[in-house]
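Sequence lines set the chain letters: A, B, ... in the order given, protein chains first and strands last, and positions in each chain run from 1.
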2 protein chains.
Amino acid sequence: MGIAERKERDKEELRERILVAAKTLFLEKGVEKTSIRNIADLIEYSPGSIYHYFKDKNEIFHALHQGGFQQLMGRMEVLATVSNPMERLKGMGSIYVQFALENPDMYDLMFIKDAPILHVSNSNDEQWKEGFGTFNFLRSTIKECIDVGHFRGHEEEALSFLVWSTVHGMVSLRIRRRCEVVLAQRQDTIVKDGLNEFFSILDRLSS
Amino acid sequence: MGIAERKERDKEELRERILVAAKTLFLEKGVEKTSIRNIADLIEYSPGSIYHYFKDKNEIFHALHQGGFQQLMGRMEVLATVSNPMERLKGMGSIYVQFALENPDMYDLMFIKDAPILHVSNSNDEQWKEGFGTFNFLRSTIKECIDVGHFRGHEEEALSFLVWSTVHGMVSLRIRRRCEVVLAQRQDTIVKDGLNEFFSILDRLSS
DNA sequence: AAAATAAATGAACAGTGTTCAAAATAAAAA
DNA sequence: TTTTTATTTTGAACACTGTTCATTTATTTT
C-alpha cells in the first residue's frame, strides 16, 4: 500500500505549494488583489486545479490564517518561563504588538479582514483551538494576576477583552492607516508610546 | 446667469442621488458587494454616467465617509455642556461605542476599511478637518484632564491615542466578528462590560 | 494490452471597475 | 426659427474576477 501513501503525500505537497504561492502573492499584493489565476500561474497549474484542493478562495486564506496563529503562539512560548503574571502580561503585549507590526499583512488577515471567520465556525475543533489559544493564554494570565491581588474590583473576562482590545486597537489603527490624525512628529513612535502608557497604567493597577 | 446656476444645482442634485443610492446599497449589502452597475440601476442611469460625478468607486465611498464624521461629531455636541473633563471623556467613550454599534457599516467604512484613506490625503483641508475633528476633541479633553490633575505621569498625545485605540479595539473586534473567543454567555455584553471596566480604570487614574 | 480510476484542464458563465467614441439633449448664436 | 456649439448620457468594449464542469490526460489495476 505504498503507492496510496505516496499519492497522499503528493496531494499534500501540491496543497502546500498552493499555500506557499498564495502567501507569497498576498504578502506582496494583498489578499483582495490576489486572484486564483495568479496563484495558478505561479505554481504552473490551471485555475480549475486549485478547486480540487480548496473549496474556495476563502479556504486558502483561512489555512494561512491558521498558520499565523501558530506563529504568534510560538512567539508567546518564551513567556512560559516568566513566573510573575504581571510581567508575563506585559510580555504578551510587547510580543503581540511586535508580531503585528512585523507582519502587518498576516495580522490583517488574522484579526481585521472579515472574510475567513464565518467559515471558521464550520471547521473542526482542533483548528478552533488555535484561534482560542492566544486568548485563553491571556485570560489565564489575567486570572493569575487577579488571584495574586492585582486589578482589585475588576473581572476576568471583561478585563481580558479590554486588554486585548487595547493592543488590537493600536496596531489596527496603524495597519489601516488611521494614525494620520496624531501629531506628525509622533506618528512613527505612537504605537510604542501608547503601549508604554498602557504598561504604566497596568503597573498603577497592580495594587 | 440663472441658467448656469440651475445647471450647477442639477449636477449637484444628481451627485447627491448617486450618494444616496450608494449609501442605501452599501448599508444593505456592504461596500464590496455594491457595484457601480447596482448604483446606476437604482438611479436609472447608465454605469458610465457615474464617472462624470465621481472619479472612481473609492471617491463615492469616501464622500459617505465624510458624512459619517459629521454624524459622529454631531452626536458629540451634547457634551459641550459637560464641564467636568473626566465626565466628558467618559461621555465621549459611550457615544463613540454607541455610534459604532448602531452604525457598524458606517463605522467600518470610517475606521476599518483601508481603501479611502489614501485618497483623503489628496483632498482639501476643509474636508480633512472633519476627520481630525473627533481626535482633536479627544486630545483637548484629555489635556484638560491632565491640567486639572488627573493622569499624573501620563502624556497628552500618547494617552489620547491609547484611549482611542481602546474603544476602537473593542468595537472593531466586535464588528469584524472576533468576539467568538470570549465566553459564549458574555459575547452579547462584552463590549459594554469592557467599556465599564475601562471607565473604572479611568476613575482609578483620576488621582 | 485493455479497462478503470484519478487528476488536470481550459472554455464558459456571470459578474466586476473602468474607458471612450458615439448619440442624445440642451444652450447659444445666427 | 434654424443652425451651430457645448454638455450630458449612453452602452458597448476591455481586461479582469471567482467558480463550475464536461472533456482530456495520466496513472493504476485487471
### Task
Would you classify B:Tyr53 as touching base, sugar-phosphate or nothing, given that sugar-phosphate means primed atoms plus P, OP1 and OP2, and contacts are heavy atoms under 4.0 Å?
sugar-phosphate
### Query
Taking atom types as modelled and ignoring hydrogens, do the side chains of A:Asp193 and A:Thr189 form a donor-acceptor contact shorter than 3.5 angstrom?
yes
Between [N] ([atom2]) and [X] ([atom1]): distance, integer Å:
X	N	atom1	atom2	result
B:Leu25	C:dG17	CG	P	11 Å
A:Tyr45	C:dA6	OH	C1'	13 Å
A:Glu44	C:dG10	CD	P	13 Å
B:His52	D:dT9	NE2	C1'	7 Å
B:Asp41	C:dG15	CG	C1'	13 Å
B:Glu13	D:dT8	CD	P	14 Å
B:Phe54	C:dT18	CZ	P	13 Å
B:Ile50	D:dT8	CD1	P	16 Å

### Message
Apply side-chain hydrogen bond (donor to acceptor under 3.5 Å, both in side chains) to residues A:Ser200 and A:Asp203 and explain how you reach the verdict.
### Response
CA-CA 5 Å; A:Ser200 90; A:Asp203 284 335; over 6 Å; no
### Task
Mark up nucleotides 13-18 of chain D, 5' to 3', with B wherever a protein heavy atom is under 4.0 angstrom from a base atom, S wherever such an atom reaches only the sugar-phosphate, and - elsewhere.
B---BB
### Query
Is A:Gln185 atom CD crowded by more than 12 heavy atoms from other residues, nucleotides or ligands, each under 6.0 Å away?
yes
#### Entry: Crowding at NZ, B:Lys23 (>12 non-hydrogen neighbours, <6.0 Å)
no
### Message
Once you measure the plane-to-plane angle for A:Phe135 and A:Trp164, does it fall in the parallel (<30°), tilted (30-60°) or perpendicular (>60°) bin?
### Response
tilted
### Message
So if I apply the ring-ring contact (aromatic ring centres under 6.0 Å, His included) rule between A:Tyr96 and each of A:Phe198, A:Phe111, A:Phe137, which one comes out positive?
### Response
A:Phe111
### Task
Just compare D:dT9, C:dA7, C:dT9 and give me whichever is closest to any side-chain atom of B:Ser49.
D:dT9
### Message
Using the salt bridge (Lys or Arg N to Asp or Glu O under 4.0 Å) definition, which of the options A:Glu157, A:Glu156, A:Glu155 pairs with B:Arg186?
### Response
A:Glu155
### Query
Roughly how bent is the helix from C:dA1-D:dT30 to C:dA30-D:dT1 end to end, in steps of 10 degrees, with each end axis from five pairs?
30°
### Query
Looking at NE2 of B:His168 and CG of A:Leu173, how far apart are the two atoms once the value is rounded to the nearest 0.5 Å?
4.0 Å
### Query
Hey, is A:Asp41 close enough to A:Arg37 for a salt bridge, meaning N to O under 4.0 Å?
no
